[in-house]
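What you see is a predicted model, and the numbers here were worked out from it, not measured in a lab. In each ligand, atom 1 is the first atom listed, and ligand 1 is the first ligand listed.
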Amino acid sequence: MRVLVTGGAGFIGSHLVEALLGRGDEVWVIDDLSTGREENIAHVMDDPMFHWHYGTVLDRELVAGVMAQCDMVFHLAAAVGVAYVVENPVKSLINNIRGAEVVLEEACAEMKKVVLFSSSEVYGKGNGLPLREDDDRVLGPTAVSRWSYATGKAVDEFLAFAYWREKGLPAVIVRCFNSCGPRQTGDYGMVVPRLVTQALRGEPMTVYGTGKQSRCFSYVGDVVSAALSLSRHPKAVGEVFNIGTDEEITIEGLAKKIRELTSSSSPIVFVPYEKAYQGGFEDMKRRVPDLTKIRSLIDYEPSLSLEELLVLTINDVCRRLDVPTPQGLPYASSSGFFASASVKKA
Ligand code: UDP
């Protein structure tokens, strides 16, 4: 296959690119490096099957030119991270809505299959747990930027459904729940690499709110494998799927676990939301995906426990910070654990 990955230099995108190249595909990437990093794809730059385009998905000519050469597109180029979106509301809305608009329009002109990466943010505050794909969405007021992220992503989903129903464009939508793993940075809010970095540096570990809110963290390799399987499944077209795990942990529990695994003596400090984000900020108390739908279609089982995922991430952050791996960290790399945690060939 010849595949376009928008946002291919990002955290999830770069893992997807690797998996596609690994299965013998030819891959084109468009990325404006706004939150992506060239370092994420440096190791594939010289691969003759890899084609790099530094640019934005708002550039219609660029998107059209690359789309014409490809069989399908994975659309991941978007503003990510609650902290980033709250700090850059205009750029985030424009990139997320207009970007998807351009990609879907150009894909439709060529009738190329689209896999649209959406987010569990679209559920907003949620309407009961676990969150099912057909649940009602519950959002707060328009004056609070967080909900613009949820709304922008929902508009992308509406557009994908509209192109499928009205024009027959084959589109698959995936909603990712707190993906995590190597290459994720804490620069845009993501709690796991932030807490790991703080713990390794001996800095205070910032837990927002009471820390009683909980999340389910999924391994990026599982997200990529699932998206690849769905991209090939004929019954996935015109459908939306949760991708995540249902192993839940409070953020305070997460901070304690990371502190223990890194043998850190960092204090855990509680930061009020209005200091961490902006006044009026609202957080979800819990966010757990219902995985019934994805499991009804593909063989989907998270391959790592939360502890294994944290160890993998701690190792990656150590490498990036150029500090030694903490003594006593379980699953030494020689045990083969890291090899088994690499992205499965889908
Ligand atoms: N969070 C935290 N400390 C941080 C960053 C985030 O306590 O330094 C909290 C955040 O308020 C949320 C959870 O961790 O309750 C997950 O945040 P993240 O931005 O990773 O993802 P979200 O679930 O908000 O999309």
Side-chain angles (χ1 to χ4, degrees), residues 10-12 35 78-88 92 96 117-126 129-131 137-140 144-154 174-181 183-201 203-220 223 242-259 262 264 266-289 306 309-310 313 317:
F11 159 55
I12 303 179
T35 55
V80 286
V82 174
Y84 181 88
V85 170
V86 169
E87 277 161 34
N88 305 275
S92 301
N96 291 4
F117 273 68
S118 183
S119 163
S120 56
E121 276 287 316
V122 298
Y123 290 106
K125 297 177 224 182
L129 287 173
L131 296 159
R137 297 181 301 120
V138 183
L139 303 182
V144 177
S145 292
R146 176 183 203 140
W147 307 121
S148 74
Y149 186 32
T151 304
K153 281 293 187 186
V174 295
R175 284 187 188 150
C176 301
F177 281 67
N178 294 83
S179 311
C180 171
R183 299 190 196 137
Q184 189 177 41
T185 84
D187 298 347
Y188 314 111
M190 283 64 173
V191 68
V192 172
R194 276 179 66 82
L195 293 177
V196 169
T197 304
Q198 291 164 344
L200 290 170
R201 288 185 170 148
E203 293 168 354
M205 297 171 75
T206 55
V207 170
Y208 299 161
T210 62
K212 301 286 179 256
Q213 73 274 28
S214 63
R215 296 292 186 271
C216 303
F217 296 94
S218 54
Y219 168 48
V220 63
V223 174
N242 289 336
I243 301 186
T245 70
D246 39 22
E247 186 182 347
E248 200 177 355
I249 187 166
T250 65
I251 301 303
E252 184 186 13
L254 177 74
K256 286 184 174 156
K257 185 92 205 150
I258 290 173
R259 192 171 60 169
T262 53
S264 170
S266 286
I268 294 177
V269 296
F270 293 87
V271 181
Y273 285 118
E274 49 283 10
K275 268 207 181 152
Y277 300 105
Q278 58 171 200
F281 183 85
E282 262 186 289
D283 203 8
M284 292 86 183
K285 264 266 346 100
R286 296 173 65 196
R287 185 195 270 158
V288 184
L306 175 64
L309 176 55
L310 291 177
T313 308
V317 177

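- Put simply, the side chain of R146 gets close to the backbone of E282: a donor and an acceptor are under 3.5 Å apart.
- S214 places no side-chain N or O within donor-acceptor distance of the main-chain N or O of E248, the cut-off being under 3.5 Å.
- Each of the following atoms of ligand 1 lies closer than 4.0 Å to a heavy atom of Y273: 11 (O).
- Protein heavy atom closest to atom 18 (P) of ligand 1, with residue, atom name and distance, is V191 N, 4.0 Å.
- Here the side chain of R259 pairs a donor or acceptor atom with the backbone of S266 at under 3.5 angstrom.
- The protein non-hydrogen atom at the shortest distance from atom 21 (O) of ligand 1 is N178 ND2, 3.3 Å.
- Between the side chain of Q184 and the backbone N or O of S179, at least one donor-acceptor pair lies under 3.5 Å.
- For ligand 1, the atoms lying closer than 4.0 Å to a non-hydrogen atom of V82 are 24 (O), 25 (O).
- Distances below 4.0 Å separate heavy atoms of E121 from the following atoms of ligand 1: 25 (O).
- Atom 24 (O) of ligand 1 has its nearest heavy-atom neighbour, among R146, R287, M284, in R146.
- Less than 4.0 angstrom separates some heavy atom of M190 from each of these atoms of ligand 1: 20 (O).
- Atom numbering of ligand 1 starts at 1 in the shown order; those under 4.0 Å from a heavy atom of V207 are 7 (O).
- Atoms of ligand 1 found under 4.0 Å from any heavy atom of G189 (numbered from 1 in listed order, with element): 5 (C), 6 (C), 19 (O).
- Protein heavy atom nearest atom 8 (O) of ligand 1, with residue, atom name and distance: R194 NE, 2.7 Å.
- When heavy-atom distances to ligand 1 are checked against a 4.0 Å cut-off, L195 has no atom that comes that close, whether in backbone or side chain.
- When only non-hydrogen protein atoms are considered, atom 7 (O) of ligand 1 lies nearest to Y208 N, 2.7 Å.
- Under a 4.0 angstrom heavy-atom cut-off, Y277 registers as being in contact with ligand 1.
- Remark: minimum distance from atom 23 (O) of ligand 1 to any protein heavy atom is reached at R215 NE, 2.6 Å.
- From the protein, the heavy atom lying nearest to atom 13 (C) of ligand 1 is I251 CD1, 3.7 Å.
- Atom 3 (N) of ligand 1 has as its closest protein heavy atom T206 O, 2.7 Å.
- No hydrogens or angles considered: nothing links the side chains of Y208 and D283 as a donor-acceptor pair under 3.5 Å.
- In this structure, the side chain of N96 engages the main chain of A79 through a donor-acceptor pair within 3.5 Å.
- Between the E252 side chain and the V207 main chain, no donor and acceptor come within less than 3.5 Å of each other.
- Under the 3.5 Å distance criterion, the side-chain polar atoms of S148 are matched with a main-chain donor or acceptor of S145.
- Closest to atom 15 (O) of ligand 1 among all protein heavy atoms lies D283 OD2, 2.5 Å.
- Proximity of M205 to ligand 1 is not established, as no heavy-atom distance is less than 4.0 Å.
- Here the side chain of N242 pairs a donor or acceptor atom with the backbone of L131 at under 3.5 angstrom.
- Distance alone, capped at 3.5 Å, is enough to place a donor-acceptor pair between the E247 side chain and the L306 backbone.
- Around the NZ atom of K125, the shell of radius 6.0 Å holds more than 12 heavy atoms that belong to other residues, nucleotides or ligands.
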